Amino acid sequence: MNVKDLLSLKDKIVLVTGGAGRYGRPIVEALAEADATIITASRNRAAGEELAAEFRGRGLQVHALQVDQGQHDSVVQLLEDIRGRFGRLDVLVNNAVARPMKSYDSPLSDWEESMRINATGLFDLTRETAELIAASGGGTIINIASMMGLFGPDLSNYEGTDMGIPMPDYFFHKGGMIALTRYLARVLAEKKIRVNCISPGGLYAGQAERFVQNYSRKVPVGRMAEHDDIKGLVVFLASPASAYITGENILIDGGMHA
Ligand SMILES: NC(=O)c1ccc[n+]([C@@H]2O[C@H](COP(=O)([O-])OP(=O)(O)OC[C@H]3O[C@@H](n4cnc5c(N)ncnc54)[C@H](O)[C@@H]3O)[C@@H](O)[C@H]2O)c1
């Protein structure tokens with residue numbers, strides 16, 4: 001097969017959770033530029049509609065639906081909406097994340113809220129969605145984890161800033177997401193679903209200059225991640241070009257952990 005055909009997502013229907021967020025935007029853009037039809041779904045429908053309208057203005061096929069992945073009824077409704085409007089689903093990108101913890105000392109109720117959405121909700125949405133992908137003849141699931149699911153925080157990055165330190169729940173559920181990827185790769189294989197994970201490093205989003213300096217000098221590539229850095233990999237993992245890859249976790253960190 002020609003490599004351009006292997007990387008094409010023509011005729012594929014893709015669900016991206018949290019598509020209007022920071023990493024969501026380049027993920028949606030990449031998959032749509034590769035000719036897929038994208039459904040972005042998050043709690044904030046207005047932000048999704050705005051993103052979808054902007055991309056449709058460029059001739060890309062992007063639509064917005066709503067879901068609260070922490071609510072089972074909302075997940076079931078999303079799947080019904082997708083079946084009704086699109087009839088099938090080929091790819092799920094688990095990109096949404098909730099960040100209820102504000103510090104290491106946050107109350108346990110914030111940790112519980114995080115797990116309700118980022119662990120229980122993630123699994124619920126994935127299991128329900130996998131049924132629709134299986135009924136559509138198989139496909140792929142891509143989990144967006146983080147380098148923080150693999151490594152502890154480098155606290156020296158935060159020196160000289162008022163950013164505080166990263167939240168503990170994030171390390172727990174991102175590590176869980178990487179482990180769940182391997183589990184699902186085996187369990188969903190008989191349904192012809194491949195499951196892979198991307199673990200990005202920090203995306204530049206106007207962080208404090210001191211933080212950017214602290215961070216960038218530890219990265220062989222010499223900078224924080226930019227929007228284009230995730231685009232090729234997400235298209236590759238969604239496409240037949242990665243047909244022999246499942247259960248894998250790929251780090252995009254500019255060499256920070258080389
Ligand atoms: N930003 C980074 O530097 C960075 C680095 C590594 C990994 N990541 C990963 O990338 C992914 C996206 O992160 P981001 O920084 O773009 O996040 P963001 O906060 O910018 O966006 C998160 C999205 O998730 C949605 N969301 C939150 N709770 C939800 C719920 N209950 N149901 C449905 N949608 C919900 C939000 O509406 C939003 O659209 C996450 O999985 C994150 O762990 C981000």
Side-chain angles (χ1 to χ4, degrees), residues 15-30 38-52 64-79 92-102 110 112-126 128-129 141-151 153-154 157 163 166-167 169-178 180-181 197-208 211-212 215-216 219 223-227 229-231 233-234 249-254 256-257:
L15 169 63
V16 180
T17 61
R22 280 165 289 187
Y23 259 122
R25 186 185 173 87
I27 289 171
V28 168
E29 184 177 50
I38 315 300
I39 305 152
T40 170
S42 71
R43 275 189 300 197
N44 184 345
R45 182 159 188 165
E49 295 281 12
E50 202 176 308
L51 182 86
L65 291 175
Q66 188 164 25
V67 71
D68 180 346
Q69 75 173 35
Q71 303 282 349
H72 180 68
D73 291 351
S74 175
V75 169
V76 170
Q77 184 61 53
L78 171 70
L79 271 297
L92 163 67
V93 182
N94 272 315
N95 169 72
V97 71
R99 296 186 174 89
M101 284 195 95
K102 300 298 170 219
D110 288 352
E112 284 171 352
E113 174 67 358
S114 174
M115 295 309 138
R116 189 178 70 78
I117 297 167
N118 298 314
T120 309
L122 168 84
F123 176 64
D124 183 30
L125 185 136
T126 305
E128 295 293 330
T129 304
I141 295 174
I142 302 166
N143 292 324
I144 308 300
S146 166
M147 67 181 187
M148 292 182 178
L150 289 164
F151 305 101
D154 182 345
N157 285 339
M163 294 171 72
M167 301 315 138
D169 60 315
Y170 192 80
F171 289 73
F172 189 85
H173 64 72
K174 288 297 163 191
M177 189 183 227
I178 295 165
L180 186 67
T181 300
C197 191
I198 298 176
S199 285
L203 182 68
Y204 178 69
Q207 291 92 337
F211 173 81
V212 176
Y215 187 105
S216 300
V219 180
R223 59 171 173 81
M224 296 190 72
E226 294 170 357
H227 276 191
D229 293 325
I230 200 166
K231 289 178 74 175
L233 183 56
V234 80
N249 175 46
I250 300 176
L251 192 57
I252 309 187
D253 68 348
M256 193 181 212
H257 296 94

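Counting starts at 1 for both ligands and their atoms, following the listed order. Everything numeric in this text was worked out from a predicted model, so none of it was measured.
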Which residues share a salt bridge (Lys or Arg N to Asp or Glu O under 4.0 Å) with E29, sequence neighbours left out: R58, K231

Sequence neighbours excluded, which residues qualify as salt bridge (Lys or Arg N to Asp or Glu O under 4.0 Å) partners of E226? R223

Just jot down the salt bridge (Lys or Arg N to Asp or Glu O under 4.0 Å) partners of E49, sequence neighbours excluded, or say none. R45

Any donor and acceptor pair, going by atom type alone, linking the side chain of S199 with main-chain N or O of I250 inside 3.5 Å? no

Please tell me if the side chains of D124 and E128 come closer than 4.5 Å, counting only heavy atoms from C-beta onward. yes

Can you tell me which residues line ligand 1 if we count any heavy atom under 4.0 angstrom from one of its atoms, in chain and number order? G18, G21, R22, Y23, S42, R43, V67, D68, Q69, N95, A96, V97, A98, R99, I117, I144, A145, S146, Y170, K174, P200, G201, G202, L203

Please check if the side chain of Y170 supplies one atom and the backbone of M148 the other of a donor-acceptor pair under 3.5 Å. no

